[in-house]
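This is a predicted model, so every value here is computed, not measured. Each chain gets a letter, A, B and so on, in the order the sequences are listed, and its residues count up from 1.
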Amino acid sequence: MSFADLTRNAVHVHPEGALEQKLALGRPLRVKLGIDPTGPDIHVGFAVVLRRLAAFQRLGHIAVLIVGDYTARIGDPSGRSRERQVLPDDVLDRNAELFAEQAYRILDRERTEVRFNGEWLGKLDYAELVRLTRTGTVAQLLERDDFAQRFRGREPISVSELLYPFAQGYDSVAVQADVEVGGTDQLYNLLMGRDVMANYGLEPQAVITYELLVGTDGVEKMSKSQGNYVGIDEPPEEQFGKVMSIPDAALDQWWRLCLDAEPPRLESMKSKLALARGIVDLYNGSEAAGRAEAHFTRVVREGQAPEDVAEAGLPPDDPVHLPAVLADCFGLSTSEARRLIAQGAVKVDGEVVDELEVHRARLVGALVQAGKRRFVRFTS
RNA sequence: GCAGGGGUUCCCGAGUGGCCAAAGGGGGCGGGCUGUAAACCCGCUGGCUCAGCCUUCGGAGGUUCGAAUCCUCCCCCCUGCACCA
């Protein structure tokens, strides 16, 4: 563990030499990371930063995880082309809980402090808000690219969004952060934190941003709202498959950011398999990684049914109306099920079915497949 | 307050009386190909036991043989201007 481990995959370390200075203080540093509990899942992209935070912990420092239960009610405008939808309170609270739990898969519980920013933002009165917002000017706020674009494009920017960076900066004051880390998209907010701290007479935090991981689509940054993520808490088979679905062009970055490793000099297919194995291993262990790969080989590459197929019963009718049954088993609408049949995606014991009514005798005990990844065995 | 522009199917976005379950793109799904759920090509993409029927174009009414498209009222959003300070 070393300095290099703290700044691996970092894009900005600001200001120059600040991190070294903080480390030289010789006491455990308070390293802050904020999250908006907009969804319960931590994905491997967010884990890039979390794992750096864990590196700080290994050197004896304290991770201060700020759950933005209050700021989530504002909505972080970072990288946004429009206003965020605000979630109801109970959903946010629940997400926050699940989120913290998942974070401990990466962080050391003993060296982690979890704080909800409602603790102090909820008490912020108007006078205090005025003082806080005197930290910056409207021109400064509109300087940031996402706002500038929306402003130019005559898109709405709500005042509450404008307030967001101040609220985040106030978090740093409240927890006395020495360092704040985040994705590169957080640079503006993190730097504002420095100004806010100065405004409150505190030594400004050092700021580190880490490279953002692209999502499984290989284009957009990985995010919950895009649905292009691999969750650290997902089933191994799911994780493995999702990693295999990333475009080859994203391979190098995934190796570097997800596994802190140099991409191996292998053909892309082998490299991707190794990556998938590595990621599943990291979060679920080597045994699960082996299972997930076997599952992938069997189901995807060889087109066979998985080892353990879910079982289901049939309705008493004979013949059986297949669309309704498939819809029921796989959570589809009957129209979708019909389309799958029409497209030749439905097989009974390996044979394509093209009729909607099928005799019970043919289905009982049979393995039914709808598309490549949906299987069911009918027991009766 | 005034003026203008909007609210369309998962998303973006066309459509201004019938040919509209609604162009196009995205996403998703399916098929082909492939030692990848990569890439590429093709197809499908509201619901319903489905050659038919039902529901959908902010909401409620109305005109019409027929409305996403016309009228009335209402709700919501955006931009600009004004008012107040």
Would you call the rings of Phe56(A) and His61(A) parallel, tilted or perpendicular, taking 30° and 60° as the class edges? perpendicular
What does rG61(B) pair with, Watson-Crick or G-U, if both distances are under 3.5 Å? rC71(B)
Contact class for Pro247(A) (heavy atom, under 4.0 Å): base, sugar-phosphate, or nothing? sugar-phosphate
Verify the contact: side-chain N or O of Ser335(A) to OP1 or OP2 of rU45(B), cut-off strictly under 4.0 Å; return yes or no. no
Other residues, nucleotides and ligands only: do more than 12 of their heavy atoms fall within 6.0 Å of CD on Glu355(A)? yes
Pair assignment for rU9(B), Watson-Crick or G-U wobble, requiring both distances under 3.5 Å: none
On the side chain of Gln343(A), is there an atom forming a donor-acceptor pair with the base of rG43(B) - under 3.5 Å, no angle test? yes
Whole-Å gap separating P (rC29(B)) and CG (Leu326(A)): 17 Å
Looking for any heavy atom pair under 4.0 Å, which part of the strands does Arg339(A) touch: base, sugar-phosphate only, or nothing? sugar-phosphate
Using every non-hydrogen atom in the two residues, find where Leu314(A) and Arg360(A) come nearest and quote the distance to one decimal. CB-NH1, 3.9 Å
If I take atom CH2 in residue Trp254(A) and atom C1' in nucleotide rA38(B), what distance separates them, rounded to the nearest angstrom? 13 Å
Would you say a side-chain N or O of Thr334(A) is under 4.0 Å from OP1 or OP2 of rC48(B)? yes
Measure CD1/Ile341(A) against P/rC48(B) and give the value in whole Å, please. 12 Å
Of the candidate nucleotides rG31(B), rU36(B), rU49(B), which contains the atom at the shortest distance from the side chain of Met269(A)? rU36(B)
Can you tell me the base-pairing partner of rC48(B)? Count Watson-Crick or G-U wobble geometry only, both distances below 3.5 Å, and say none if there is no partner. rG52(B)
Within the structure, does a side-chain N or O atom of Arg338(A) lie under 4.0 Å from either OP1 or OP2 of rG30(B)? no
Determine: side-chain N/O of Ser245(A) to OP1/OP2 of rA38(B), distance under 4.0 Å, yes or no. no
What is the base-pairing partner of rC40(B), counting Watson-Crick and G-U wobble geometry with both distances under 3.5 Å? rG32(B)
Rounded distance [0.5 Å steps], CG in Leu326(A) versus OG1 in Thr334(A): 10.5 Å
Which of parallel (below 30°), tilted (30 to 60°) and perpendicular (above 60°) describes Tyr229(A) and His43(A)? tilted
In terms of side-chain heavy atoms of Ser333(A), which of rG30(B), rU36(B), rG47(B) is nearest? rG47(B)
Interatomic distance, Met244(A) CE vs rU36(B) C1' [rounded to whole Å]: 4 Å
rG80(B) pairs with, by Watson-Crick or G-U criteria that keep both distances under 3.5 Å: rC2(B)
Starting the side chain at C-beta, find the nucleotide from rA38(B), rG31(B), rG35(B) nearest to Asp248(A). rA38(B)
With rounding to whole Å, what would you report as the distance between rU9(B) and rG46(B) at their C1' atoms? 7 Å
To the nearest Å, how far apart are Glu234(A) CD and rA37(B) P? 18 Å
Less than 4.0 angstrom between a side-chain N/O of Arg374(A) and OP1 or OP2 of rC29(B), yes or no? no
